[in-house]
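Here is the structure we will look at, set down as structure tokens.
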Amino acid sequence: MHATPALPLLIVKTGDTLDTLTRTMGDFEQWVAAGLGETTLPLQVLDARKLPALPAPAALAGVILTGSHAMVSDREPWSEALVPWLQALVTHGTPVLGICYGHQLLAHALGGEVGYHPGGLELGTVDVHLTPAAQADALFSGLPTCLHAHVVHAQTVRTLPPNAAHLAANAHEPHHAFRVGRHAWGVQFHPEFNAAAMQGYVEHLAPTLPAGQPCPAVQETALSNGLLARFARLCERSAAWQD
């Protein structure tokens, strides 16, 4: 008898990082793949901006939506084309993790509201505080109540989708993480960034900061980085349950 091939873990590319970082560090999808660690699942990458055919939810072990320099509120055709597919993934129970733009797009697809943050840009390494609901969450349980995390975003999930579990926040961003259903998460922060990537964004955006505002500090974020490997393990278990 032949073993059933493992379902793939799909990385949906929604944008590119800065050219200065791509030349030395690769792009978002490579950072995500590295953060997943050693996984038994084959990895596939799909560039959503090319309007490709989207796999059936049952054909995937999980989906990760990358960040992007685009804005969800612009409703670009390639972005809106993902909305019914994301709805179908969540209905089916396929694990989904949306990062930054992916977080906002997932919220939009599921009935939340996305727009520019009234407080402006959040940039650098920040403290993210987990809510009590996170302690019973399959992805966040067992983590400290405060995590260091890398952030760079001008838009925000203003209103969470109906029936979403609110999982993390800080003084600037009220919706740093949420979950809908059992296996669909959005995180506004960047678990795929290392300190060098975050520093690259800080240096790139420094000229746009208000006069007199110091550049945000950057430090290591091992615990929030570890969410990618946690998600991979969850996808492995979910795929095993479907066998």
Task: Gap between atom CZ of Arg233 and atom OG1 of Thr39 - 0.5 Å precision - done: 5.0 Å
Task: Hydrophobic cluster (4.5 angstrom, side-chain heavy atoms) - remaining members for Tyr116 - done: Met71
Spell out, yes or no, whether [X] and [Y] are grouped together once hydrophobic residues are joined by side-chain heavy atoms under 4.5 Å, including indirect joins.
X	Y	answer
Leu105	Val90	yes
Leu228	Leu223	yes
Leu130	Leu234	yes
Val126	Val218	no
Val152	Leu65	no

Do [X] and [Y] touch side chain to side chain, with heavy atoms closer than 4.5 Å?
X	Y	value
Met198	Leu123	yes
Val72	Gln155	yes
Thr221	Leu147	no
Thr22	Asp16	no
His117	Pro174	yes

Task: Candidate list Leu41, Val96, Thr94, test side chain to side chain contact (heavy atoms under 4.5 Å, CB included), partner Leu60, passing option - done: Thr94
TODO: Scan Leu46, Leu106, Leu89, Ile11 and name whichever one has a side chain to side chain contact (heavy atoms under 4.5 Å, CB included) with Val63.
DONE: Leu89
TODO: Mind checking side-chain contact (heavy atoms from CB on, under 4.5 Å) for Ala88 and listing every partner two or more places apart, or none if nothing turns up?
DONE: Pro57
TODO: Assess whether side-chain contact (heavy atoms from CB on, under 4.5 Å) is satisfied between Met25 and Thr17, documenting all intermediate values.
DONE: CA-CA 10 Å; Met25 298 176 59; Thr17 189; over 6 Å; no
Open item on the list: Surrounding CD of Glu80 (heavy atoms of other residues, nucleotides or ligands, distance under 6.0 Å), is the total greater than 12?
Closed with: yes
- [ ] Determine whether more than 12 heavy atoms belonging to other residues, nucleotides or ligands lie under 6.0 Å from atom CG of Asn163.
- [x] no
Task: Side-chain (Thr208) to main-chain (Leu205) donor-acceptor, under 3.5 angstrom - done: yes
Open item on the list: Between Lys13 and Asp27, is the side-chain contact (heavy atoms from CB on, under 4.5 Å) condition met? List the steps.
Closed with: CA-CA 10 Å; Lys13 181 178 174 66; Asp27 210 341; 2.7 Å; yes
Using the test ring-ring contact (aromatic ring centres under 6.0 Å, His included), find all partners of [X] that sit at least two apart in sequence or belong to another chain.
X	answer
Phe28	Trp31
His175	His166
Tyr101	Trp78

Task: Worked verdict on Gln135 versus Ser141 for side-chain contact (heavy atoms from CB on, under 4.5 Å) - done: CA-CA 4 Å; Gln135 301 311 309; Ser141 64; 5.9 Å; no
Open item on the list: Walk me through whether Leu110 and Leu86 qualify under side-chain contact (heavy atoms from CB on, under 4.5 Å).
Closed with: CA-CA 8 Å; Leu110 300 177; Leu86 290 172; 5.7 Å; no
Pair up each side-chain donor or acceptor in residues 185-195 with any protein partner under 3.5 Å, not counting sequence neighbours, and list the distances.
{"residue": "Trp185", "atom": "NE1", "partner": "Asp137", "partner atom": "OD1", "Å": "3.1"}
{"residue": "Trp185", "atom": "NE1", "partner": "Asp137", "partner atom": "OD2", "Å": "3.0"}
{"residue": "Gln188", "atom": "OE1", "partner": "Gln104", "partner atom": "NE2", "Å": "3.0"}
{"residue": "His190", "atom": "ND1", "partner": "Glu192", "partner atom": "OE1", "Å": "3.4"}
{"residue": "His190", "atom": "ND1", "partner": "Glu192", "partner atom": "OE2", "Å": "2.8"}
{"residue": "Asn194", "atom": "OD1", "partner": "Ala196", "partner atom": "N", "Å": "3.1"}
{"residue": "Asn194", "atom": "OD1", "partner": "Ala197", "partner atom": "N", "Å": "2.8"}

Open item on the list: Under 3.5 Å, is there a donor on one side chain and an acceptor on the other for Glu29 and Thr66?
Closed with: no
